[in-house]
Amino acid sequence: MRHRVRVIQRKHWKRGKTTYKALLAKGAKPEVARQIAVNSRRWWRNSGMLLNSVLTLRWMDALRIPRLA
């Protein structure tokens with residue numbers, strides 16, 4: 001479920017430039033934000049790798065997404 005939420009968030013940013021700026025605002029390192037932004041159309045792959053380090057469980061808790069465990 002969390003994987004899918006990250007994909008949806010990534011799709012909302014649409015362009016690489018927007019993604020880069022949004023990830024920097026969320027506290028991502030510039031290199032990580034660049035790598036995610038470069039692969040802007042690989043939503044599922046990005047959400048399973050580097051995006052995990054930026055959109056963490058704390059981010060999910062702030063959105064009030066329940067934990068299923």
Side-chain angles (χ1 to χ4, degrees):
M1 186 168 120
R2 292 186 296 238
H3 192 75
R4 183 67 182 148
V5 171
R6 286 186 190 103
V7 169
I8 292 168
Q9 179 61 55
R10 177 60 196 89
K11 281 184 178 183
H12 280 280
W13 290 328
K14 293 190 179 178
R15 296 185 178 184
K17 193 173 187 179
T18 306
T19 301
Y20 183 76
K21 289 179 181 180
L23 290 172
L24 288 179
K26 293 198 178 297
K29 295 178 183 178
E31 182 60 28
V32 171
R34 187 192 65 77
Q35 287 177 351
I36 295 171
V38 166
N39 292 326
S40 61
R41 291 294 176 193
R42 299 186 75 183
W43 301 306
W44 192 256
R45 184 174 175 92
N46 273 337
S47 69
M49 296 173 65
L50 292 172
L51 206 54
N52 283 342
S53 64
V54 181
L55 302 180
T56 61
L57 286 176
R58 188 178 302 158
W59 176 76
M60 297 279 184
D61 290 341
L63 292 176
R64 296 187 178 172
I65 297 173
R67 294 186 186 197
L68 300 177

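What you see is a predicted model; the values in this text were computed from it and never measured. In this chain, residues are counted from 1 in sequence order.
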Quiz item: Which pair of non-hydrogen atoms, one from T19 and one from W13, has the smallest distance, and what is that distance?
Solution: OG1-CB, 3.4 Å

Quiz item: What's the shortest heavy-atom distance between P30 and L24, and which atoms?
Solution: CA-CD2, 3.8 Å

Quiz item: Counting only N and O atoms by type, is there a donor-acceptor contact under 3.5 Å from the side chain of S53 to the main-chain atoms of L50?
Solution: yes

Self-check item: Backbone N/O of N52 and side chain of R6: donor-acceptor pair under 3.5 Å
Solution: no

Exercise. List the atom of K11, the atom of R4, and the distance in Å for their closest heavy-atom pair.
Key: NZ-NH1, 4.5 Å

Quiz item: Roughly how far, to the nearest 0.5 Å, is the CG atom of D61 from the OG1 atom of T56?
Solution: 8.0 Å

Quiz item: When hydrophobic residues are tied together by side-chain contacts of less than 4.5 Å, even through go-betweens, does I8 share a cluster with I36?
Solution: no

Self-check item: Joint cluster assignment, V38 & L55, ILVMFWY side-chain distance < 4.5 Å
Solution: no

Quiz item: Out of curiosity, does L51 fall in the hydrophobic cluster containing V7 (side-chain heavy atoms, cut-off under 4.5 Å, transitive links)?
Solution: no

Exercise. May I ask whether Y20 and V32 are part of the same hydrophobic cluster, defined by side-chain heavy atoms of I, L, V, M, F, W, Y residues being less than 4.5 angstrom apart, directly or through others?
Key: no

Quiz item: If you look at every heavy atom in G16 and A37, which pair is closest and at what distance?
Solution: O-CB, 3.3 Å

Quiz prompt | Heavy-atom check, side chain of R34 versus side chain of L23, under 4.5 Å | solution = no

Self-check item: Least distance between heavy atoms, L57 atom then R67 atom
Solution: CB-NH2, 3.7 Å

